[in-house]
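Counting convention: from 1, in listed order, for ligands and their atoms alike. Position 1 is the first residue of the sequence, and the numbers go up from there.
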Amino acid sequence: MEVRSKAHLAVILSKLKGFSEPKASLEQYETDSETAAFLLWNMLMLGDIEGKTIADLGAGTGKLGTGCGLLGAKKVYLVESEDKAIETAKKNLESLDLAEICEPIKADVREFNKKTDVVVQNPPFGTRQEHADKAFLEAAINIAGIVYSLHKTSTASFVRAFARACGYSITHEWPCKPILWQTLPQHRRQVHRIDATWFRLEHNPQII
Ligand code: SAH
């Protein structure tokens, strides 16, 4: 499918299936479509999608990885540990005829070790599992020289220090206000926005 603009991308992504029963313990919050399209368009403009091999770590229902496939990636691995999310991601990919380019892989991100050009991830922020975001950053730099990662802005100093200690520079920080879906016990859905930042990390051995 031809993607005509960032707005068009957001519309396509908004039609994908989301988590049917989001698991709070795994911090299963899908990236809202505007926030995803905003990031994916920046990646595209910086030359980090077309012809690249990309890993979407903690892919959930596949919004970010699917977007990379739509925008011309050579290969995308959607790495996700939870069965239902993987099943939904597969359906989403089939609906857009992306099953050949985009491969869902059921695995813990800490065990995934295929080398890729770029990682994109919206990791658990670590509010439920302490340091979950750190485990994702470690997994990302293990396999890619370029990493796009979404974090709460309140943890920005941790992300900057982590990058520096690992020989990565932060080339871009994009503030954004993603929607955090809150599933309440009464099954009402409350929507609120949080202050977050998309970081772009690039390996730069000289900074150590
Ligand atoms: N990337 C998706 C989903 C983000 S929610 C999106 O942007 O919409 C984070 C996802 O990470 C959840 O689907 C959760 O099941 C998954 N996850 C959490 N810990 C994981 C781990 N250790 N390994 C693989 N996936 C994990």
*Heavy atoms only: which of G18, A132, G60, G58 is nearest to atom 1 (N) of ligand 1?*
G58
*Find the distance between OG1 (T31) and CG (L39) and round it off to the nearest 0.5 Å.*
8.0 Å
*With heavy atoms only and a cut-off of under 4.0 Å, state how F136 meets ligand 1: side chain, backbone, both or neither.*
side chain
_Between Y148 and N42: side-chain donor-acceptor atoms closer than 3.5 Å_ = no
*Tell me which part of D108 gets within contact of ligand 1: side chain, backbone, both or neither, using heavy atoms under 4.0 Å.*
both
*asked:* I want to know if ligand 1 touches K63 in the polar sense, i.e. an N/O pair below 3.5 angstrom.
replied: no
*Polar-atom distance check: V79 versus ligand 1, any N or O pair below 3.5 Å?*
no
*Sub-3.5 Å N/O-N/O distance, T31 and ligand 1*: yes
*Out of curiosity, Q28 CD to E82 CD, how far, rounded to the nearest 0.5 Å?*
4.5 Å
*So between S81, P123, A59, whose heavy atom ends up nearest atom 26 (C) of ligand 1?*
S81
*Would you say A107 contacts ligand 1, with heavy atoms under 4.0 Å as the rule?*
yes
*Hey, which atoms in ligand 1 end up nearer than 4.0 Å to a heavy atom of P124?*
18 (C)
*Do K114 and Y77 meet the cation-pi criteria used here (NZ or CZ under 6.0 Å from the six-membered ring centre, within 45° of the axis)?*
yes
*Just jot down the ligand 1 atoms closer than 4.0 angstrom to any heavy atom of F19, in number order.*
13 (O)
_Check: L78 main-chain N/O paired with D56 side-chain donor or acceptor under 3.5 Å_ = no
_Could you check whether any heavy atom of F112 sits closer than 4.0 Å to an atom of ligand 1, since that is the contact criterion I want to use?_
no
_Where ligand 1 meets E27 - atom numbers and elements under 4.0 angstrom, heavy-atom basis_ = 5 (S), 9 (C)
*Is the closest heavy-atom distance from A85 to ligand 1 below 4.0 Å?*
no
*Locate the shortest heavy-atom distance separating K106 from S81; write the atom from each residue and the value.*
NZ-O, 2.9 Å
*Would you say ligand 1 has an N or O under 3.5 Å from any N or O of E80?*
yes
_Atom pair OG1 (T155) and NZ (K152), whose distance is rounded to the nearest 0.5 Å_ = 8.0 Å
